[in-house]
K.L.:
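Before we start, here is the structure in question, set down as structure tokens.
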Protein chains: 2
Amino acid sequence: MRETTGGTRQRIQAVALELFTEHGYEKTSLREIAERLGVTKAALYYHFKSKDEIVTSLVDDRLRRMDELIAWAADQPPTLATRRALISRYADSMFAGDLPQVMRFFEQNQTVLKSLVAGQQMRNRMMRLAHELCRGDESPAAQLRAALTLFAVHSSWFAVRAPGITDDERKRIALQVADELLAKIGENGQG
Amino acid sequence: MRETTGGTRQRIQAVALELFTEHGYEKTSLREIAERLGVTKAALYYHFKSKDEIVTSLVDDRLRRMDELIAWAADQPPTLATRRALISRYADSMFAGDLPQVMRFFEQNQTVLKSLVAGQQMRNRMMRLAHELCRGDESPAAQLRAALTLFAVHSSWFAVRAPGITDDERKRIALQVADELLAKIGENGQG
DNA sequence: GTCTATAATGTGATAGAC
DNA sequence: GTCTATCACATTATAGAC
């Protein structure tokens, strides 16, 4: 619709994401990306005006979804049911398409991504999401539990080593553990 | 004892760790480290024979402590009491000296550190530690809970935003949440 | 133990032909 | 839409003076 390219832009994104995730953003050079695609660096610069614009293009769609999610949550009452629905929706969007890999890339390159606008935006959205997850209980323990809930969804991809496990099972387990953590938010007594 | 230097080696380590953590390993140049110390790059090469040897020197002491911890755990019975003692000891060593910063550096630069021996070793120790934390219950949920337990200790440093909170309080909260997660390991019925 | 100087290489990015 | 050629610069690392 908007490009006459035969998917070259998408192929660049796919290869870049793979290399960024595998070797890190800084360590992956444009030459490496171009070589793997069988094109030249100049070809890359036709589609993206800089290296970090590739990251931006990768993250943009994810950012939109997170914004929708945060806006939705802000409109709900701060109850356990809302928190559970929020993490469930988040998991749904995490386990779709290549977004898990985008999140893995983001999580394992946080320091470097601090200097990129796209990285700062992702960071900001994660913090706001965590904030929504413990709305009504700003105690330190609640904040920690909220953060762990998000991490549970992310890490179910690599922390769980089981032969033949399906994506749906990973998601189910992540949500099970997340629900237990969320249930403790709002119980203001500690200990 | 082994160096006649007036702590230059230590000063290099301190500045390198700070910059690696702040900007990332790849993005931090030796020139930058040398400049901040008021010496030249060549001076760095007198103390460390390469850039990644600085990382090695930073991680070595941490690796030793983790090895001790893993060996200790392997000698204990696989009970809840052992798991709790293990995470408590881990937290103690985490909250001492500049080790928290080393762990933060490690966690936020994982992808890049994969290509460094020191990084692979740290990764290996973390996995073994997680394994010890769920020994006797290798179910996916248990694996996830064990990983989250470690992350609870690490993330209590940045996930909890509270004015004037002390290190001891952070540790206490991390262990409280960790204990709850560990208590669910070994209950083989899954809700 | 720290310096100057420099080698050798790789990087992101641009200009302009086709 | 992709190419060749090249720029300007930063990088790790080394050699050798002091």
Side-chain angles (χ1 to χ4, degrees), chain A residues 1-59 105 109 111-119, chain B residues 1-59 105 109 111-119:
Chain A
M1 208 54 119
R2 91 171 58 157
E3 301 283 343
T4 64
T5 314
T8 304
R9 194 186 148 92
Q10 282 79 356
R11 289 175 61 227
I12 294 172
Q13 288 177 317
V15 168
L17 177 56
E18 190 183 327
L19 290 175
F20 288 164
T21 310
E22 198 166 346
H23 305 135
Y25 174 73
E26 287 286 338
K27 200 162 188 175
T28 302
S29 65
L30 296 180
R31 178 189 53 74
E32 205 178 347
I33 297 171
E35 268 175 15
R36 185 173 291 204
L37 279 167
V39 298
T40 61
K41 277 195 294 177
L44 265 50
Y45 276 100
Y46 172 79
H47 293 281
F48 300 95
K49 75 170 198 289
S50 69
K51 189 184 180 183
D52 74 59
E53 215 205 61
I54 301 180
V55 174
T56 303
S57 79
L58 252 19
V59 161
F105 160 60
N109 287 272
T111 312
V112 165
L113 290 181
K114 272 198 289 195
S115 56
L116 268 54
V117 180
Chain B
M1 208 59 117
R2 91 168 61 153
E3 301 284 341
T4 63
T5 311
T8 304
R9 194 185 147 93
Q10 282 80 354
R11 288 175 62 229
I12 294 172
Q13 288 178 315
V15 168
L17 177 57
E18 190 182 327
L19 290 175
F20 288 164
T21 309
E22 197 165 347
H23 306 135
Y25 175 74
E26 287 286 339
K27 200 161 187 175
T28 302
S29 67
L30 297 180
R31 179 190 51 75
E32 205 178 348
I33 297 171
E35 268 176 15
R36 186 172 291 202
L37 277 166
V39 299
T40 62
K41 281 192 291 177
L44 264 50
Y45 276 100
Y46 172 80
H47 293 281
F48 301 95
K49 74 171 197 291
S50 68
K51 189 183 179 183
D52 72 59
E53 215 203 64
I54 300 180
V55 174
T56 303
S57 79
L58 251 19
V59 161
F105 160 60
N109 289 272
T111 311
V112 163
L113 290 180
K114 273 199 288 196
S115 57
L116 269 55
V117 180

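This one's a predicted model, so the numbers in the text were calculated from it and none came from an experiment. Every chain is numbered from 1, with letters handed out A, B, ... down the list of sequences.
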K.L.:
Measuring from atom OG1 of A/T40 to atom CZ of A/R31, what distance do you get when rounded to the nearest 0.5 angstrom?
P.N.:
13.0 Å

K.L.:
Kindly say if B/S50 contacts the phosphate of D/dT12, meaning a side-chain N or O under 4.0 Å from OP1 or OP2.
P.N.:
no

K.L.:
Taking CG from B/D52 and P from D/dT11, how many angstroms apart are they, rounded to a whole number?
P.N.:
17 Å

K.L.:
Looking at B/R36 and B/E32, does any basic side-chain N land under 4.0 Å from a carboxylate oxygen?
P.N.:
no

K.L.:
Roughly, in whole Å, what's the span from NZ in A/K49 to P in C/dT14?
P.N.:
10 Å

K.L.:
Rounded to the Å, how far apart are A/E26 CD and C/dG10 C1'?
P.N.:
13 Å

K.L.:
Atom NZ of A/K41 to atom C1' of D/dG1: distance rounded to whole Å?
P.N.:
18 Å

K.L.:
Please state whether the phosphate of D/dG1, meaning OP1 or OP2, lies under 4.0 angstrom from any side-chain nitrogen or oxygen of A/Y46.
P.N.:
yes

K.L.:
Taking the nucleotide of DNA chain D with the closest heavy atom to each, which residue, B/A42 or B/Y45, is nearer the 5' end?
P.N.:
B/Y45

K.L.:
Would you check if there is a donor-acceptor pair between the side chains of B/Q13 and B/S57 at a distance under 3.5 Å?
P.N.:
yes

K.L.:
D/dT11 P sits how many Å from B/K51 NZ, rounded?
P.N.:
9 Å

K.L.:
To the nearest angstrom, how far is B/L37 atom CG from C/dC3 atom P?
P.N.:
10 Å

K.L.:
Regarding A/T40, tell me which of base, sugar-phosphate or nothing describes its non-hydrogen contacts under 4.0 Å with the strands shown.
P.N.:
base

K.L.:
Report the C-alpha separation of A/F20 and A/K51 in whole Å, then their side-chain angles, then the decisive distance to 0.1 Å, and conclude whether the side chain to side chain contact (heavy atoms under 4.5 Å, CB included) test is met.
P.N.:
CA-CA 11 Å; A/F20 288 164; A/K51 189 184 180 183; 4.2 Å; yes

K.L.:
For B/V39 and A/T28, take the nucleotide of DNA chain C holding the closest heavy atom to each; which residue's nucleotide lies nearer the 5' end?
P.N.:
B/V39

K.L.:
When you measure from the side-chain N and O atoms of B/S29 to the phosphate of D/dT11, is any distance below 4.0 Å, counting only OP1 and OP2?
P.N.:
yes

K.L.:
Can you check whether A/L19's main-chain N or O pairs, donor with acceptor, with A/T28's side chain at less than 3.5 Å?
P.N.:
yes

K.L.:
Can you tell me how far P of C/dG10 sits from CZ of B/R31, to the nearest Å?
P.N.:
20 Å

K.L.:
B/E32 CD to D/dA10 P: how many Å, rounded?
P.N.:
12 Å

